[in-house]
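Below is one structure, written out as structure tokens; the observations come after it.
Naming convention: chains lettered A, B, ... in sequence-line order (proteins, then strands); numbering from 1 in each chain. Scope of the values below: all heavy atoms of this structure, side chains included, with no hydrogens, waters or symmetry mates. Quantities reported herein were computed from a predicted structural model and do not represent experimental measurements.
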Amino acid sequence: MATAAAASWTAVRAGGPWAASCLSRAGGSRSVSWNSCGVSLCGVESRRALQLAVGGSSKSSRRSGKGDRFARLCCVAGVQKLGEVDAVDLSSDGSKEFPAAPGVYAIYDKEGKLQYVGISRRVSSSIQSHLQDLPELCASVKVNVVDAADKTALTEAWREWVQEYVEVTGEVPPGNVQGNTTWTARKQRAAKPELKLTPGPHVTLTIPLVELIDQVVKGCTVVAFVKGTRTAPQCGFSHRVLTILNENGADYEVVNVLDDHHNPGLREAIKEYSQWPTIPQVYVKGEFVGGADILDEMVQSGEIKSLFQKSGPK
Amino acid sequence: MGVTKESVEATLTQKLQPTYLKVIDTSGGCGASFDVEIATAAFVGKRMLERHRVVNTALTEEIKDIHALSIRKALTPEQWEEQNAKTTAAA
């Protein structure tokens, strides 16, 4: 039996499929089935928390000795153990800086209970959106950046943390229980539709397009003219701008310049309007602020904070 | 025919007399995408938005054929010296 178990471990360490059989071999009476399903990497919007769920609420039997061996054997180099990472408090002003890098993160509530383990291509964005969506469940967070950020490495890191938690407590983090969409469901913010300048091509405009643009710009506290939509920007620069707006908690409108059905001619007209040759374009309180480079610059200088404070809540 | 790195450099040099200029072709050769870092006296007293406008105006002709122009740095000569001194000191 020892040989068979060893063979399975090798498979696990090499990133092979997580087989329930290795667990039962090692743990004897253990009957846990792991099922990391629905790993979706499709999100291009800021909230890229990958949707993961653990299958089956595992009632693992307490084991002595073997648990440690299990954890040691499963540890893949590069990811610190969950228990060894320091938690960062989230309760204060929320202006904590998290790495804008891929990694695994664990969110704890006020009682210090682990609520959810997630992975993300951009940890800072994911934590930010969790904080906005579920402030009552986010008190502190542990983060481990994963350098080799391919899907396998991220999933492996996530498994290790969830696994470690199960080893210690005998239960799956509530947010990771299969069927629980508390952390993965997208809130209304993401669903806010893009603004459309016209109802469609069947309507003849009675005022020039530039006036429509002007009305939108003057009528919205913050508006971004981008290529693509809020959830699916079709240009790297537009994506950058939307990410910056999301991360800084701006309440903004989006106009898709590529939507020729509702916004015919906008792509060129907006350049005329602002005398600015590129898209995306961000306007705050009726004034042109800039494109991706300028917003980037404002993030670096910290100017961005005052920009949206100025815009304030509606 | 796309715009070349050299033509962007030539235009900016001629119109803005930069003390520092770096143009990087990020398109992989097709001439549709550039990163620009520039320091020039023309930026003195101008906000970032105005500086970008200066560069965009200088490249009006080129921009018609460029898909993406990313102005990474737009500094005055003094700011450039300052930043340069900092990075040299750090290295």
Side-chain angles (χ1 to χ4, degrees), chain A residues 44 217 222-228 233-245 248 257-258 265 267-308 310-311, chain B residues 2-3 7-8 11-12 15-16 18 20-28 30-40 42-43 46-76 78-80 82-83 86-87 90:
Chain A
V44 278
V217 167
V222 183
V223 57
F225 290 81
V226 303
K227 291 182 177 172
Q234 292 184 27
C235 154
F237 296 95
S238 293
H239 177 234
R240 242 160 71 195
V241 159
L242 293 174
T243 307
I244 290 171
L245 291 174
N248 289 281
V257 304
L258 299 182
R267 190 173 170 178
E268 292 310 315
I270 190 72
K271 296 178 188 172
E272 277 294 306
Y273 176 78
S274 56
Q275 288 297 302
W276 188 263
T278 53
I279 292 163
Q281 301 187 1
V282 175
Y283 297 78
V284 175
K285 286 205 162 171
E287 263 182 56
F288 180 55
V289 173
D293 290 329
I294 290 188
L295 258 69
D296 260 347
E297 199 109 20
M298 293 175 92
V299 168
Q300 274 163 30
S301 70
E303 222 180 309
I304 198 95
K305 300 269 180 224
S306 61
L307 181 71
F308 295 127
K310 210 170 59 184
S311 77
Chain B
V3 180
S7 65
V8 173
T11 311
L12 288 175
K15 294 195 180 165
L16 302 176
Y20 165 75
L21 175 67
K22 192 169 170 188
V23 179
I24 307 152
D25 185 341
T26 52
S27 69
C30 75
S33 178
F34 295 93
D35 278 5
V36 174
E37 293 178 11
I38 183 168
T40 164
F43 291 156
K46 288 196 170 67
R47 289 185 304 137
M48 196 50 67
L49 186 71
E50 292 164 337
R51 293 179 185 185
H52 281 229
R53 277 202 202 281
V54 169
V55 177
N56 289 333
T57 313
L59 291 172
T60 309
E61 284 308 307
E62 284 81 359
I63 278 178
K64 286 175 187 162
D65 298 315
I66 297 180
H67 172 71
L69 178 77
S70 186
I71 303 168
R72 294 283 172 195
K73 286 181 189 155
L75 307 170
T76 62
E78 288 76 31
Q79 285 173 323
W80 166 245
E82 212 174 284
Q83 204 178 69
K86 250 187 245 167
T87 39

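- Here the CD-NE2 distance, from Glu297(A) to His52(B), works out to 5.5 Å after rounding to the nearest 0.5 Å.
- Applying side chain to side chain contact (heavy atoms under 4.5 Å, CB included) to Pro277(A) and the options Leu69(B), Asn56(B), Thr60(B), Val55(B) leaves one that passes, Asn56(B).
- No more than 12 heavy-atom neighbours from other residues, nucleotides or ligands sit within 6.0 angstrom of CD on Glu272(A).
- Counted within 6.0 Å of CD on Glu287(A), heavy atoms from surrounding residues, nucleotides or ligands total 12 or fewer; the atom is thus considered open.
- The minimum heavy-atom distance linking Gly290(A) with Leu49(B) is given by the pair CA-CD1, 3.9 Å.
- Shortest non-hydrogen contact noted between Asp293(A) and Ile71(B) is OD2-N, 2.5 Å.
- Annotation: maximal heavy-atom pairing with chain A below 4.5 Å, among Lys64(B), Arg72(B), Arg47(B), Met48(B), occurs at Met48(B).
- Here the CD1 atom belonging to Ile66(B) is positioned 10.5 Å from the OG1 atom belonging to Thr278(A), to the nearest 0.5 angstrom.
- Residue Leu59(B): no heavy atom, backbone or side chain, is found under 4.5 Å from chain A.
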